[in-house]
Protein chains: 2
Amino acid sequence: MSAKSDNETSRLDEAARAGWLYYVAGNTQDEIARKLGVSRQSAQRLVSLAVSARLIKVRVDHPIAKCMELERELTERFNLLGCEVVPTDPDAPASMVGIAQAGAAEMERHLKSNHPKIIAIGTGRALRACVEQLPTMDCPQHRIVSLLGNMMSDGSATAYNVIIRMADRVNARHFPMPLPVFANSHEEKTLLHTQEPVHNILELARQADVTFVGLGQMNENAQLVVDGFVTREEARSLSRIGAVGEITSWVYDREGKLIDGLINDRVASAPLFPDQDHPVFGIAVGEAKVDAIWGALRGRLINSLITNEATAEILLSK
Amino acid sequence: MSAKSDNETSRLDEAARAGWLYYVAGNTQDEIARKLGVSRQSAQRLVSLAVSARLIKVRVDHPIAKCMELERELTERFNLLGCEVVPTDPDAPASMVGIAQAGAAEMERHLKSNHPKIIAIGTGRALRACVEQLPTMDCPQHRIVSLLGNMMSDGSATAYNVIIRMADRVNARHFPMPLPVFANSHEEKTLLHTQEPVHNILELARQADVTFVGLGQMNENAQLVVDGFVTREEARSLSRIGAVGEITSWVYDREGKLIDGLINDRVASAPLFPDQDHPVFGIAVGEAKVDAIWGALRGRLINSLITNEATAEILLSK
DNA sequence: CCGTTCTATAAGCAAATGCTCAAGCGGTTC
DNA sequence: GAACCGCTTGAGCATTTGCTTATAGAACGG
């Protein structure tokens, strides 16, 4: 199934062994070199390969008081099903470091279940980072369904194809959405949605046991603008009429209400089901996203949150 | 409940934060020092505290081919319910490093269950090492029951009081066995076992959902001899009539059959229930233990095994 | 068969890390 | 109030690590 050569596999195997000797058994790289019968440089390379191939998983097993407190406050204030707040690196307050690990851990919890689950996935930088942190596993019992297509209207694909990467890592059945992000008109969208396969996928998404989405801010730096789905001009008008964020391209205001008309008429993504019982994780960090997060929480477009300390503090100070 | 001062707690909190910045966010200790507003030396101390307080958990997430293969062979040959083989440090083939982590991970799996479980525990260096690796958690739903007392016949206690440490770490109800390891006679043992509280504990042990025991070899270096429960002379005679190992002080031969009479008449530990459906993990490493492990597996005194590569290889070459 | 390419090894160096020791600091004892 | 104890801090130093460059050998293709 995998295209890896024996060569590469045994190399990873050696790397795992070196990583084990280094991180678990506490050997120095010199010792590892001797024990494995290679040069110190090779040992160093093996260890660093083990790290970069994400064979080495580190977690901090201590409830950092501040983060716990923020989780508690957020959960209470927004009646969340789940909430995780990770420490912030003061130099990179909007970095995905930590968030990615936490998100991956949450995904892993669900994936490890023997009970078959439907896992719905949006797109975006945050989700991509999370999926990159997933270990390779074997989960044929689960189904991963995409909440939105990743086609431009001309048929070309966008960068953040999260679902393919995820399915690849965890070996699960997956259902990418064979649609553009935006239809050319409301009518076209309706038409697309009635196609049999699309209909099935939308149905799966509706039944998802757990959902993970990224949150986009709605201003001139919006991902929708960067990706070219929405013109700078459109973004400005959306912003002017109160849009603060988007989830799977559904644009909403500070109350978490979807904006009527405009581009929401043409969004081909699976509809959002606010206030359901199954967890819907929003994953986002950074001051720029605070309004988007706040709106999504208010309108219960999401009911679970993964963010960092700095972002959580701003959210709670509003 | 805990005797930790606020001071100590906040120090651990800082340590966790430093550990997070170091291991997860990949900062250097200089950067951490700056971000946390302390000297580099303090940062270094915090990081090393985080490690020594076992806040930092590292696991290698790669099926090392050799170990997998050994697990498969052992499982097949001895029809095991569970088997884990960890890499061996060539310089310390009988070291608990790795074994302890693997054992702790197995324990953690059971402890994390919401469903209340009865977990039975023996004693010994291996089990102690495993328990030391457990994170602190809160598991009031489970019951931990000791399979044997830890009293000398004069009432003094022995070193490896595993169950207390374990219960302490995971905050579960626990049932130490209020008995000496050996009674003075078979009659006394029978009498002791009919006492109400002892009877209850034995009953709990019988119902255990999962059991963890260490395996002792039976020669002049046997733990039973070291601890002074058995004289060197007795050990020699046991060895002469075929004893190869002991589990919770029950002595058995190379077929895994309990040795009739002699000290087995006086063992006050919970009886062994070979061939049950619930996992009974034996944890042991080292060439010296191979005969003991082999016998226990043959007689199905254990049905699951945690050991290391080197030991597994010798086992399979027999 | 030769040249090319790739990889492992070796040497060396700068940065990062871990450790030791002495000084400082707060509290306690006499 | 002086001496002392325990603990933390800061400085210096030895070790370890990550990275760069040079070289030798193996693998490959023509």
Side-chain angles (χ1 to χ4, degrees), chain A residues 3-60 62 64-65 87 89-92 95 97-98, chain B residues 2-60 62 64-66 87 89-92 95 97-98:
Chain A
K4 283 169 189 165
S5 67
D6 274 9
N7 205 336
E8 193 169 341
T9 305
S10 74
R11 202 173 144 69
L12 272 183
D13 221 76
E14 283 293 279
R17 194 171 288 270
W20 189 90
L21 286 167
Y22 188 69
Y23 287 104
V24 181
N27 287 276
T28 71
Q29 299 184 352
D30 264 321
E31 291 171 312
I32 296 170
R34 189 172 46 72
K35 289 171 185 178
L36 261 45
V38 297
S39 66
R40 183 180 77 78
Q41 294 79 342
S42 298
Q44 196 274 331
R45 257 177 237 123
L46 284 175
V47 172
S48 101
L49 172 64
V51 173
S52 65
R54 290 195 208 75
L55 269 34
I56 308 296
K57 295 282 165 60
V58 181
R59 72 192 155 105
V60 177
H62 181 78
I64 297 185
D89 185 332
D91 282 356
S95 148
V97 173
Chain B
S2 171
K4 284 169 191 165
S5 67
D6 275 8
N7 203 337
E8 192 169 341
T9 306
S10 74
R11 202 173 146 67
L12 273 183
D13 221 77
E14 282 293 278
R17 192 171 289 270
W20 189 89
L21 285 167
Y22 187 69
Y23 286 105
V24 181
N27 287 278
T28 71
Q29 298 184 352
D30 265 320
E31 292 170 313
I32 296 170
R34 189 171 45 73
K35 288 171 185 178
L36 261 46
V38 297
S39 68
R40 182 183 78 76
Q41 294 80 343
S42 299
Q44 196 274 331
R45 266 178 216 117
L46 284 174
V47 172
S48 101
L49 173 64
V51 173
S52 66
R54 291 193 208 78
L55 269 36
I56 308 296
K57 296 282 168 58
V58 182
R59 74 192 155 103
V60 177
H62 180 78
I64 298 186
K66 186 83 170 296
D89 185 332
D91 282 356
S95 150
V97 173

Exercise for review: Considering non-hydrogen atoms only, spot the tightest contact between A16(A) and H62(B) and give its length.
Suggested key: CB-CD2, 3.5 Å
Point to revise | Nearest-Å distance for atom pair CD/C1', residues Q29(B) and dT17(D) | key: 12 Å
**Study point:** Spacing of N27(B) atom CG relative to dG18(D) atom P, expressed in whole Å
**Key:** 16 Å
Point to revise | Rounded interatomic separation in angstrom, taking CD1 from I32(A) and P from dT17(D) | key: 8 Å
Check your understanding: Step by step, would you call L46(B) with Y22(B) a side-chain contact (heavy atoms from CB on, under 4.5 Å)?
Key -> CA-CA 10 Å; L46(B) 284 174; Y22(B) 187 69; over 6 Å; no
Practice item. Start with the C-alpha gap between W20(A) and L55(A), add the side-chain angles, then the distance that decides, and say whether side-chain contact (heavy atoms from CB on, under 4.5 Å) holds. Key: CA-CA 9 Å; W20(A) 189 90; L55(A) 269 34; over 6 Å; no
Review point. Between atom OH in Y23(B) and atom P in dT17(D), what is the gap in whole Å?
Key: 11 Å
Practice item. Check whether any side-chain heavy atom of D89(A) sits under 4.5 Å from a side-chain heavy atom of V97(A), and report yes or no. Key: no
Review point. Within the pair Y22(B) and dT17(C), is there a side-chain N or O less than 4.0 Å away from OP1 or OP2?
Key: yes
Review point. Looking only at heavy atoms, which two atoms of V60(B) and V24(A) are closest? And how far apart?
Key: CG2-CG2, 4.3 Å
Practice item. Using whole Å, report how far CZ of R34(A) lies from P of dT16(D). Key: 12 Å
Review point. Can you tell me if N27(B) uses its side chain to pair, donor with acceptor, with the backbone of I32(B) under 3.5 Å?
Key: no
Exercise for review: Figure out the CZ/P separation between R40(B) and dC13(D), and round it to whole Å.
Suggested key: 13 Å
Point to revise | Interatomic distance, Q44(A) CD vs dT20(D) P [rounded to whole Å] | key: 11 Å
Check your understanding: Nearest-Å distance, CG (D30(A)) to P (dG12(C))?
Key -> 15 Å
Practice item. With rounding to the nearest 0.5 Å, note down the distance linking CD in Q29(A) to OG in S39(A). Key: 11.0 Å
Check your understanding: So, do E31(B) and L21(B) sit near enough that their side-chain heavy atoms are less than 4.5 Å apart?
Key -> no
Check your understanding: Can you give the dot-bracket line for DNA chain D, where a pair is Watson-Crick or G-U wobble with both atom distances under 3.5 Å, crossing pairs use [ ], and | marks a partner on another strand?
Key -> ||||||||||||||||||||||||||||||
With the criterion being N/O to N/O and under 3.5 Å, what pairs connect the protein with nucleotides 9-11 of chain D, and how long is each?
unit_1: dG10(D); atom_1: OP2; unit_2: S39(B); atom_2: OG; d: 2.9
unit_1: dG10(D); atom_1: O6; unit_2: R45(B); atom_2: NH2; d: 2.8
unit_1: dA11(D); atom_1: N7; unit_2: Q41(B); atom_2: NE2; d: 2.8

Review point. Roughly how far, to the nearest 0.5 Å, is CG of L36(A) from CZ of R17(A)?
Key: 7.0 Å
